[in-house]
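First up is the structure itself, then whatever we jot down about it.
No hydrogens, no waters, no symmetry mates; every other heavy atom, side chains included, goes into these values. Within every chain, numbering begins at 1; the chains are lettered A, B, ... in the order of the sequence lines, protein sequences first and strands thereafter.
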2 protein chains.
Amino acid sequence: MTTTATTTAATAGEEGLGVAEAAQLCGLTAHTLRYYERDGLLVAPVRRTASGHRSYTAADLRWITMVTRLRATGMPIREIRTYAELCRRGGHEEERLAILHAHRERVRAQLAEVQGHLGAIDRKIDLYEQHLAAR
Amino acid sequence: MTTTATTTAATAGEEGLGVAEAAQLCGLTAHTLRYYERDGLLVAPVRRTASGHRSYTAADLRWITMVTRLRATGMPIREIRTYAELCRRGGHEEERLAILHAHRERVRAQLAEVQGHLGAIDRKIDLYEQHLAAR
DNA sequence: CTCCCGCTTCGAGCGCGCTCGAAGTCAAGG
DNA sequence: CCTTGACTTCGAGCGCGCTCGAAGCGGGAG
């Protein structure tokens, strides 16, 4: 594991993690990380070592972390791709902000809805507990 | 629309809605409602009129509403089916309660996680707004 | 020199949750 | 009697987000 890290890291003075390490840090699989890159979710293709292996920088990891946050809050892949494209081309700050704004509102709404449902589930659980206690 | 309601309702003294009406009330499609039934998500098959049409009672609608709550909070179809089966067979209160308990904890955890991500998104938005204001 | 291991690309496959269309039935209205 | 329209069943199809396996390469250890 440390040996593996050294494999790539030693060649470039500690900078750059392999795909497996990066994946583990982000809570994804190597397959998924490559898939995200293929699918244009990354601002730029990840740098490669001389032998063609991906080498993830700290900036790559920060971006990917943001992607996981967007995914975990339900932003579709397509929309993340759009956002990434805007970043890639530079500028477009208003549009990027608009995407984040819209997403935030959706997430807030969904959060409120889930909280409402959770309340109903709580009440259902209370009923079961009363029912079971009454025996 | 009111005419449609009468079609089925008039035959049985106001009790029982057609699939389309029930679907609309629950925020689902008629296709989905039939699919749920086929898939065993309902405690019992919905009653039929003489002509074989489904007729949803108030109790059906309450159950389906619960199903939509469970779905909206991310419970998988399979698990709802299991829960429905336990209800169908009668008894099994502890197991039903256990399912709801487990689900509640998952939902709470996921809620907390999403709130965390939302905070990060908020901060990102702030950065953009500062950046744009600084022009 | 050979072995092994982790990476590479590519394309197919999968699980989930619907979603839809075709073809047929039935009851009421004109 | 004929049309209309909401219903019925059945099975196929789809969109999403991965997930996986095959086949090949390159570089360090024994």
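- His53(B) has its NE2 atom 16 Å from the P atom of dG24(C), to the nearest Å.
- Distances shorter than 4.0 Å separate some side-chain N or O of Tyr36(A) from OP1 or OP2 on dC18(D).
- Residues from residues 100-114 of chain A placing a heavy atom under 4.0 Å of any atom in DNA chain D do not occur.
- If you take CD of Glu21(A) and P of dC7(C), they are 7 Å apart, rounded to a whole angstrom.
- Within residues 73-81 of chain A, the residues having any heavy atom closer than 4.0 Å to DNA chain D are, in order of number, Pro76(A), Ile77(A), Arg78(A).
- Shown here are the ring pair (Phe, Tyr, Trp, His ring centres under 6.0 Å) partners of Tyr128(B), two or more places apart in sequence or in another chain: there are none.
- Under 4.0 angstrom from either OP1 or OP2 of dC26(C) there lies no side-chain N or O belonging to Arg48(B).
- Using a 4.0 Å heavy-atom distance criterion, Arg38(B) is classed as a base contact.
- For dC20(C), neither phosphate oxygen OP1 nor OP2 lies less than 4.0 angstrom from any side-chain nitrogen or oxygen of Tyr35(B).
- Side-chain contact check for Arg62(B) versus Met66(B): every heavy-atom pair is 4.5 Å or farther apart.
- At whole-Å resolution of the value, CD in Glu37(A) and P in dT9(C) are 7 Å apart.
- Listed by first and then second residue, the salt bridge (charged side-chain N to carboxylate O under 4.0 Å, His left out) pairs involving residues 68-77 of chain B amount to none (not counting sequence neighbours).
- Neither OP1 nor OP2 of dT9(C) sits under 4.0 Å from any side-chain N or O of Arg34(A).
- Remark: P of dC16(C) and CG of Leu70(B) are 17 Å apart, rounded to the nearest angstrom.
- Other cluster members for Val114(A): Val107(A), Leu111(A), Leu118(A), Val107(B), Leu111(B), Val114(B), Leu118(B), joined by side-chain heavy-atom distances under 4.5 Å among Ile, Leu, Val, Met, Phe, Trp and Tyr.
- The residue Ala20(B) sits close only to the backbone: its heavy atoms come under 4.0 Å of sugar-phosphate atoms, none of a base.
- Rounded to whole Å, the distance from NE2 on His31(A) to P on dC14(C) is 15 Å.
- Judged as a salt bridge (charged side-chain N to carboxylate O under 4.0 Å, His left out), and not counting sequence neighbours, the contacts of Asp39(B) are Arg81(B).
- Residues passing the side-chain contact (heavy atoms from CB on, under 4.5 Å) test with Glu129(A), sequence neighbours excluded: Ile125(A), Asp126(A), Leu97(B), His101(B).
- Spacing between atom CZ of Arg71(A) and atom C1' of dT19(D) amounts to 14 Å, rounded to whole angstrom units.
- Toward the 5′ end of DNA chain C lies the nearest nucleotide of Thr29(B), the other residue of the pair Thr29(B) and Ala50(B) mapping further downstream.
- Remark: Arg54(A) is in phosphate contact with dT8(C), judged by side-chain N or O atoms under 4.0 Å from OP1 or OP2.
- Rounded to whole Å, the distance from CZ on Arg47(B) to C1' on dC7(D) is 19 Å.
- Applying the side chain to side chain donor-acceptor pair (under 3.5 Å) rule to Arg106(A) yields the partners Glu79(A), His103(A); only residues at least two apart in sequence or on another chain are considered.
- The pair Glu105(B)-Arg108(B) meets the salt-bridge criterion, with a side-chain N (NZ, NE, NH1 or NH2) lying under 4.0 Å from an Asp/Glu carboxylate O.
- In this structure, Gln110(B) CD and Thr73(A) OG1 are separated by 10.5 Å, a value rounded to the nearest 0.5 Å.
- Hydrophobic clustering, defined by side-chain heavy atoms of Ile, Leu, Val, Met, Phe, Trp and Tyr closer than 4.5 Å, leaves Leu127(B) isolated from every other such residue.
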